[in-house]
Amino acid sequence: DAAVLCGRGTTGVRKFAVQGDEIAAGLVQGFGLGTLFGLVPDAAAPADTAMTYAQIEDVQTSRAYLRPVAAGCVPKSADLCPKAGDLPATARFARLVARPVDTALRIAPVVNLSTGQPVPADDPAALALAAAVAALNAAGQVPVVIDAAGASVQVVADQGRLWFGRRASIGTTPVGLSWAPGDKVALTALLTRMAAAERLAAMLTAAAGEGSLLNPSPVDLTADLTQSRAADLDRPGQGGNPARECRRALAAAPPEQGLDLTTSPELKQCDELTFAVQGEDQGQRDVNRVHIDSQYCVHAAHTRVEDSARPAALGAPMVICSDCPDGAAAGAERLFVIVTEAEANSDQLNMEGLVETCEAAPTRGAASTTALDFLTKLGRRRDTRGAFGGLSLSGVWVSAYFWQVLPKSLVFARAE
C-alpha cells in the first residue's frame with residue numbers, strides 16, 4: 001500500500017484493483033451502496049490525486065460495480081449522485097474517498113425492560129416519544145428514524161421512564177440517558193443532543209476504521225486508572241455529596257495502574273482516569289481527546305505534542321460519576337483520540353469548544369479555521385484518508401475506545 005523511494009504521500013492509503021466498471025472490493029471491506037472512490041492509473045499515484053470519481057451502484061460480498069460521478073459528489077445514504085461522463089479506460093486502481101453520510105438519528109423501538117416486549121402504543125412515554133420524533137422530523141433539522149435493525153440507540157421503558165443508550169440496560173438495571181413526562185428538559189432537546197453526539201461518533205468511528213499497519217500513529221496514548229473501592233463509597237440512596245465522596249474514596253484508593261482501553265473495561269463511581277500522550281519520534285502533533293459519556297454529552301480536550309522526550313497530559317483527570325447530583329449516569333461511553341500532524345506556522349487543530357453538547361464553549365477566542373475545516377470535511381468525507389484542508393492524507397489518525405460505567409447498585413451487589 002506504500003510507494004517506495006520517498007513515496008510518503010501514499011503511505012497507508014490502501015487502493016483496490018479496478019477493471020472496467022468493476023472494483024475488487026465489496027461488503028467484506030465495509031463498502032456499501034454510494035461509497036465514493038477516486039480512480040487512478042497507477043498504485044503509486046499521489047494520494048490526493050484522481051483522474052475521476054466513481055460511486056458504488058451495485059455491491060456484492062467481495063466485488064462491486066461503479067458509476068462515474070462529478071468531483072463534487074457528496075455521498076448520501078438515500079440516493080446516488082447523478083452519473084457524469086464515462087469511466088476512463090486507463091483507470092486501474094481506486095482509493096476510498098468517502099462513505100455515505102447518514103444524518104438521521106436511528107433509535108430502536110421502545111421495549112419494556114422487565115418483559116423485553118414492545119410497549120403498548122398508548123403508553124404515555126411511547127406517545128411522548130412519537131410526538132417528539134414527529135416534531136423534529138417536521139422541523140427538518142434533526143431527522144429521527146425508529147429502526148429496529150439499524151438503530152445506534154436502544155430505548156427501554158421502566159416504571160414510566162424512557163432510557164436511551166448504546167446499551168440501555170445492564171442486567172435488570174436501566175442505564176443511559178433517562179426521561180419521563182413532566183421532566184424539565186424537553187424530550188426534543190435530548191433527542192437533538194443524541195443526534196449531535198451520534199453523528200460525531202459515526203464520523204470518528206468511520207475514520208478510526210481506516211487505519212493501516214503501514215501508517216501507525218506517531219503518538220502513543222497511555223491510560224492510568226485509580227480504582228475506588230466499594231467500601232469507601234456512599235451506599236446507593238444515601239444522597240451524599242459526590243465530590244466529597246470521591247475525594248475520600250480516591251484518598252484511600254490503591255496506587256494508579258495502567259489500563260488497557262482496548263479491553264472495554266468496566267468502571268464505577270469515583271474511579272479516576274488519566275491520559276498521557278508521547279511522540280514516537282520528533283515532530284509536532286495536535287492530539288484531541290473527545291469523550292462521549294452515557295448522557296450523550298460530548299467533552300473535548302487538546303494538547304500539542306512537541307517532541308518524543310516526555311509524555312504530556314491529555315486533558316484533566318476524568319473522575320467517573322455514575323451517581324451524580326443530576327441523576328444516574330451509568331452506561332456505555334466512548335473515547336476518541338485524534339492525532340494530526342502539525343504544519344509549520346499553522347493553527348492548532350483544537351476541538352475544544354467546537355463539539356461539546358452539554359457545556360458552554362470555553363472562552364478561548366474564535367475557533368481556528370483549521371479545526372472548523374477539519375470538522376466540516378470529516379462530516380462530508382467520513383474517513384481519515386480524505387483531504388482535510390491543509391492536513392496531509394497520511395497525517396491523520398483516529399483511535400476509538402469503549403467502556404461501561406456500572407450503576408452503583410450493581411457495584412455493591414457484586415461486592416456483597
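The first residue in the sequence is number 1, and the count goes up from there. Note that this is a predicted model, so its numbers are computed, not measured. Worth knowing before you read on, the calculation uses all heavy atoms, side chains too, and leaves out hydrogens, waters and symmetry mates.
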Counting only N and O atoms by type, is there a donor-acceptor contact under 3.5 Å from the side chain of [X] to the main-chain atoms of [Y]?
X	Y	answer
Gln55	Cys81	yes
Asp183	Val185	no
Asn288	Ala300	no
Gln278	Ser308	yes
Thr303	Leu314	no
Asp323	Pro407	no
Arg229	Ala252	yes
Glu356	Leu354	yes
Gln284	Ala342	no
Arg193	Gln295	yes

Would you say that [X] contacts [Y] through its side chain, given a criterion of any heavy-atom pair below 4.5 Å between the two side chains?
X	Y	answer
Glu272	Val319	yes
Val69	Glu57	no
Lys408	Asp234	yes
Pro68	Lys83	yes
Glu198	Arg106	no
Pro265	Leu259	yes
Glu245	Ser228	no
Tyr296	Thr357	no

Atom [atom1] in [X], atom [atom2] in [Y]: separation rounded to 0.5 Å?
X	Y	atom1	atom2	value
Ser294	Trp163	OG	CH2	9.5 Å
Leu105	Phe164	CG	CZ	9.0 Å
Asp286	Glu341	CG	CD	10.0 Å
Thr226	Ile320	OG1	CD1	11.5 Å
Leu191	Leu136	CG	CG	5.5 Å
Leu250	Gln227	CG	CD	11.0 Å

**Request:** For His291 and Tyr401, run side-chain contact (heavy atoms from CB on, under 4.5 Å): C-alpha distance rounded to whole Å, both residues' side-chain angles, the deciding distance at 0.1 Å, then the answer.
**Result:** CA-CA 10 Å; His291 172 221; Tyr401 307 98; over 6 Å; no
**Prompt:** Does the pair Cys246/Cys321 show an SG-SG distance of less than 2.5 angstrom?
**Reply:**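 Answer is no, sulfur atoms not closer than 2.5 Å.
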**Message:** Would the pair Cys358 and Cys297 meet an SG-SG distance criterion of under 2.5 Å?
**Reply:**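 Looking at Cys297 and Cys358, their sulfur gamma atoms lie closer than 2.5 Å, so the answer is yes.
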**Asked** Relative to the ring of Phe275, is the ring of Trp403 parallel (under 30°), tilted (30 to 60°) or perpendicular (over 60°)?
**Response**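 Parallel, since the angle between the ring planes stays under 30°.
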**Prompt:** His299: what forms a side-chain hydrogen bond (donor to acceptor under 3.5 Å, both in side chains) with it, not counting sequence neighbours?
**Reply:**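 So His299 forms a side-chain hydrogen bond (donor to acceptor under 3.5 Å, both in side chains) with Asp293, Glu359.
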**Asked** Of all residues at least two apart in sequence or in a different chain, which pass the side-chain hydrogen bond (donor to acceptor under 3.5 Å, both in side chains) check with Arg167?
**Response**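 Residues passing side-chain hydrogen bond (donor to acceptor under 3.5 Å, both in side chains) with Arg167: none at all.
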**Item:** Pair Val59-Thr35, side-chain contact (heavy atoms from CB on, under 4.5 Å): steps then yes or no
**Value:** CA-CA 10 Å; Val59 62; Thr35 304; over 6 Å; no
**Request:** Would you please test Gln269 and Val411 for side-chain contact (heavy atoms from CB on, under 4.5 Å) and show each step?
**Result:** CA-CA 9 Å; Gln269 177 84 349; Val411 172; over 6 Å; no
**Message:** For a side-chain contact (heavy atoms from CB on, under 4.5 Å) check, start with the C-alpha distance between Phe37 and Ile56, then their side-chain angles and the critical distance, and finish with the verdict.
**Reply:** CA-CA 8 Å; Phe37 294 90; Ile56 288 181; 3.7 Å; yes
**Carboxylate-amine/guanidinium contact Asp271 Lys268, below 4.0 Å** =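 A salt bridge links Asp271 with Lys268.
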**Item:** Within 6.0 angstrom of Gln282 CD, more than 12 heavy atoms from elsewhere
**Value:**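 For Gln282, atom CD is crowded (more than 12 foreign heavy atoms under 6.0 Å).
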**Item:** Matching residue for Leu113 among Asp158, Thr172, Thr173 - test: side-chain contact (heavy atoms from CB on, under 4.5 Å)
**Value:**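 In the set Asp158, Thr172, Thr173, the residue that makes a side-chain contact (heavy atoms from CB on, under 4.5 Å) with Leu113 is Asp158.
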